[in-house]
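In what follows, a single structure is set out as structure tokens and then discussed.
Chain naming here is simple, since letters A, B, ... match the order of the sequence lines and numbering starts at 1 in each.
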Amino acid sequence: MSKGITSRKEDYSQWYNELVSKADLAEHSAVRGCMVIKPYGYAIWEKMQAALDKKFKDTGHSNAYFPLFIPKSFFTKEASHVEGFAKECAVVTHYRLKDDGTGNIVVDEDAKLEEELIVRPTSETIIWNTYRGWIESYRDLPILVNQWANVVRWEMRTRLFLRTAEFLWQEGHTAHATAEEAIAETEQMLDVYADFAENWMAVPVVKGKKTETERFAGALDTYCIEALMQDGKALQAGTSHFLGQNFAKAFDVKFTSKEGKQEYVWATSWGVSTRLMGALIMAHSDDAGLVLPPKLAPIQVVIVPIYKTDEERAEIVELVDQVVAECKQKDITVKFDDRDSYRPGFKFAEWELKGVPLRITIGARDLKNGLVELARRDNQSKESVSKEGLSQRIEILLDEIQHAIYEKALKFRTDNITLVNSYDEFKEVLEGKGGFISAHWDGTAETEKRIKEETKATIRCIPLDNKLEEGQCILTGKPSTQRVLFARAY
RNA sequence: CGGGGUGUAGCGUAGCCCGGUAUCGCGCCACAUUUGGGAUGUGGAGGUCGUAGGUUCGAAUCCUGCCACCCCGACCA
């Protein structure tokens with residue numbers, strides 16, 4: 001491992017790339033646009049999955065699994081849905097290879113599929129085609145299903161975690177008897193995402209609604225959580241869609257109501273992906289490496305011993321065993337770095353790079369005094385504490401770190417939401433400090449498009465807690481009733 | 001998919017213009033001395049020069065195709 005990484009100031013995207021690679025989170029694979037998520041990175045994803053999965057179950061959802069392949073005819077049934085995804089679909093056309101007679105393995109043209117299969121970019125179509133068979137009566141509703149899966153969107157430009165051709169995610173697909181119930185579900189899951197982002201990832205998010213332009217292909221309404229990265233760019237961290245009856249109509253999914261009438265089912269879908277890993281990395285990490293929130297850190301505490309002799313080592317190990325046992329009782333994940341081939345300084349740097357929230361250093365000096373040294377990753381502070389009651393202190397510190405990095409990110413976001421009242425001011429802020437820009441917009445797609453073309457900024461969302469106020473659109477001067485959030489985005 | 005760039009040991013590189021089987025640093029292995037912020041010395045291993053062709057007595061070097069990655073654009077979670 002080489003020393004250090006590029007600083008954020010020097011080159012933010014290089015910093016990100018080096019961090020992902022040097023912290024052992026992921027690497028590029030032999031397949032274009034696809035990544036290998038390495039064990040340490042995957043461990044973080046697993047922690048995210050576990051927390052989210054529990055929240056889904058707690059709100060009444062069950063997991064299921066639907067096929068990777070979707071018949072093309074299904075996929076093309078909902079017009080705007082197809083239009084939105086058509087340009088990035090991988091298509092399976094054949095089911096066999098053969099030897100062409102010269103030792104080359106080629107596609108067997110005789111094994112052409114009668115109907116081509118689309119590798120799912122999302123599963124609405126296959127799921128709604130399935131739901132048709134599951135739903136007859138209002139008594140079959142609601143259906144509250146989630147699936148953890150991989151999806152493929154053939155992206156031209158990829159970045160590890162942020163945009164790859166294949167990624168991991170969860171997609172919830174629910175079916176309801178009424179629009180009100182479906183909308184309530186959409187909002188509930190948005191709250192689940194926001195809660196997860198803020199309380200687990202320690203990333204503050206703005207809950208909002210997408211404009212028509214930014215809406216999911218096939219949805220009536222798309223709700224989102226938007227996060228702000230340290231370079232001032234926004235990142236969509238999760239979406240929850242109210243799909244109306246679009247998919248029910250496309251797939252003819254009807255139910256008999258209490259009144260005995262045939263009605264189309266109301267739908268929602270919602271998802272978050274491994275992109276959250278990108279958000280996590282860019283929200284907290286610094287020039288020394290990753291900074292992980294304790295709740296998602298695969299290793300919460302690392303213990304680095306410092307010794308000269310075997311006797312000292314033995315004494316330290318004895319204390320470490322106690323500390324580890326104590327922590328285990330409190331469900332704190334501890335790693336004892338007993339590698340003999342690296343010196344302490346090297347280990348300090350390595351675990352900082354990997355974002356371990358707390359480090360315990362134990363040396364001969366400490367043993368003599370009955371102390372250990374605790375070092376926080378988030379603010380680099382150190383303290384010497386008694387070995388008595390150490391696990392309590394660790395517990396408190398982990399909790400403090402979780403809150404401290406959230407507060408830091410929140411302050412950054414608050415400082416980087418700028419209210420502007422003119423287009424000149426808008427452009428100036430966008431070029432200079434970046435971040436979210438709160439401005440009046442006349443509500444038309446034309447204006448939105450022009451601003452995007454001229455400045456590369458998009459409307460990230462119309463915040464849900466927006467207060468109404470009279471104003472004038474920064475571009476056209478037309479009347480507006482509320483401000484929306486603009487930003488350049490990932 | 002358009003424009004630009006890069007590919008040489010695990011990583012970072014020199015050599016390429018001007019053709020003769022490859023330089024240096026980090027890392028790796030062994031041993032010794034070390035250990036409170038990325039140790040030092042000695043010895044050693046490791047290469048289809050991205051890949052497939054072509055030119056040539058001879059190609060990392062010249063020519064062509066392909067692949068991958070990085071930056072900028074269009075598109076997108």
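In this structure B/rG41 sits in a base pair with B/rC31, meeting the Watson-Crick or G-U test at under 3.5 Å. When both distances must be under 3.5 Å, the Watson-Crick or G-U wobble mate of B/rG58 does not exist. Of all nucleotides present, none satisfies the Watson-Crick or G-U wobble test against B/rA14 with each distance under 3.5 Å. Both distances falling under 3.5 Å, in either a Watson-Crick or a G-U wobble arrangement, occur for no nucleotide opposite B/rG46. B/rU64: Watson-Crick or G-U partner is B/rA52, with both key distances under 3.5 Å. In a base pair of the Watson-Crick type (N1 to N3 plus N6-O4 or O6-N4) or a G-U wobble (N1-O2 and O6-N3), with each distance short of 3.5 Å, B/rC1 is matched with B/rG73.
Counting non-hydrogen atoms under 4.0 angstrom, A/Q236 reaches the backbone sugars and phosphates but no base. No engagement by A/A237 is indicated, since no non-hydrogen atom pair under 4.0 Å with the nucleic acid exists. Base engagement by A/F167 is indicated by at least one non-hydrogen atom pair under 4.0 Å involving a base atom. As judged by a 4.0 angstrom heavy-atom cut-off over every strand, A/L162 is placed among the base-contacting residues. A/G33 comes within contact range of the sugar-phosphate backbone alone, with a heavy-atom separation under 4.0 Å but no base atom that close. Counting any heavy atom pair closer than 4.0 Å across all strands shown, A/Y307 reaches a base atom.
Following rounding to the nearest Å, A/K347 (NZ) and B/rG37 (P) show an atom-to-atom distance of 14 Å. We find that NZ of A/K449 is positioned 12 Å from P of B/rA74, with the value rounded to whole Å. For the pair A/Q14 CD and B/rG12 P, the interatomic distance rounds to 11 Å; values are reported in whole Å. B/rC72 atom P lies 9 Å from atom CG of A/D11, rounded to whole Å. Separating the OH atom of A/Y12 from the C1' atom of B/rC72 is a distance of 19 Å, rounded to the nearest angstrom. For the pair A/R488 CZ and B/rC72 C1', the interatomic distance rounds to 13 Å; values are reported in whole Å. Put simply, CH2 on A/W15 is 14 Å from P on B/rC71, counting in whole angstrom units. The CD atom of A/E27 sits 13 Å away from the P atom of B/rC70 (whole-angstrom rounding).
Across the P atoms, B/rU8 and B/rU13 are found 8 Å apart, a figure rounded to whole Å. Rounded to whole Å, the C1' atom of B/rC66 lies 24 Å from the corresponding atom of B/rG19. Taking atom P on both B/rC67 and B/rC24, the two are 36 Å apart, rounded to the nearest angstrom. When the C1' atom is compared between B/rG54 and B/rU61, the two are found 15 Å apart, to the nearest whole Å. Here, B/rG20 and B/rG5 have their P atoms 25 Å apart, quoted to the whole Å. Between B/rU56 and B/rU51, the two P atoms lie 23 Å apart (nearest whole Å). When the C1' atom is used for both B/rC72 and B/rG25, the distance is 32 Å, rounded to whole Å. If you take atom P in B/rG12 and the same atom in B/rG7, they sit 11 Å apart, rounded to whole Å.
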Evaluate the criterion side chain to side chain donor-acceptor pair (under 3.5 Å) for residue pair A/H61 and A/E185; output intermediate values, then yes/no.
CA-CA 11 Å; A/H61 303 85; A/E185 165 78 4; 2.7 Å; yes
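Side-chain proximity of A/K452 to the nucleotides B/rC75, B/rG36, B/rC28 is greatest for B/rC75. The side chain of A/F348 lies closest to B/rG37 when the candidates are B/rC76, B/rG37, B/rC28. Closest contact between the side chain of A/E350 and the listed nucleotides B/rG38, B/rC69, B/rC76 involves B/rG38. Between B/rU35, B/rG36, B/rC75, one nucleotide has an atom nearer to the side chain of A/D366 than all others, and that is B/rG36. Distances from the side chain of A/F346 to the nucleotides B/rG36, B/rC28, B/rG38 place B/rG38 closest. You'll find that the side chain of A/N17 is closest to B/rC71, out of B/rU35, B/rC28, B/rC71. Proximity note for A/R163 (side chain, C-beta onward) versus B/rG38, B/rG36, B/rC76: the nearest is B/rC76.
Geometrically, A/R359 engages A/F348 in a cation-pi contact, judged by NZ or CZ lying under 6.0 Å from the ring centre and within 45° of the ring axis. Cation-pi check for A/K347 over A/Y342 is not met; the charged atom does not lie both under 6.0 angstrom from the ring centroid and within 45 degrees of its normal. No cation-pi contact links A/K55 to A/F196, judged by a cut-off of 6.0 Å to the six-membered ring centre and 45° from its axis.
At the phosphate of B/rC71, OP1 or OP2 sits under 4.0 Å from a side-chain N or O atom of A/S13. Proximity of A/Y342 to the phosphate of B/rC28: a side-chain N or O atom is located under 4.0 Å from OP1 or OP2. In this structure, A/K308 does not reach the B/rG36 phosphate: none of its side-chain N or O atoms is under 4.0 Å from OP1 or OP2.
The two residues A/G278 and A/L162 have their closest heavy-atom pair at CA-CD2, 3.7 Å.
Judged by distance alone, with hydrogens and angles left aside, A/E352 brings a side-chain donor or acceptor within reach of the base of B/rG37, the pair sitting under 3.5 Å. Between the side chain of A/R343 and the base of B/rG36, no donor-acceptor pair under 3.5 Å is found. For B/rG37, the base has a donor-acceptor partner in the side chain of A/K382 [N/O atoms by modelled type, under 3.5 angstrom].
Mapped onto RNA chain B by nearest heavy atom, A/T309 and A/R159 fall at different nucleotides, with A/T309 at the one closer to the 5' end. Map A/R215 and A/A364 each onto its nearest nucleotide of RNA chain B; the residue landing nearer the 5' end is A/A364.
None of A/E171, A/H173, A/E124 except one satisfies the side chain to side chain donor-acceptor pair (under 3.5 Å) rule with A/S269; the exception is A/E124. Between A/F486 and the choices A/Y423, A/F426, A/F436, A/W441, the ring-ring contact (aromatic ring centres under 6.0 Å, His included) rule is met once, by A/F426.
Using a cut-off of 4.0 Å between Lys/Arg side-chain N and Asp/Glu carboxylate O, A/D191 and A/K207 are scored as salt-bridged. Of the charged side-chain nitrogens involved, none lies within less than 4.0 Å of a carboxylate oxygen, so that A/R153 and A/E166 do not count as a salt-bridged pair.
Under the 90° criterion around 0 for the glycosidic angle, B/rU21 counts as syn.
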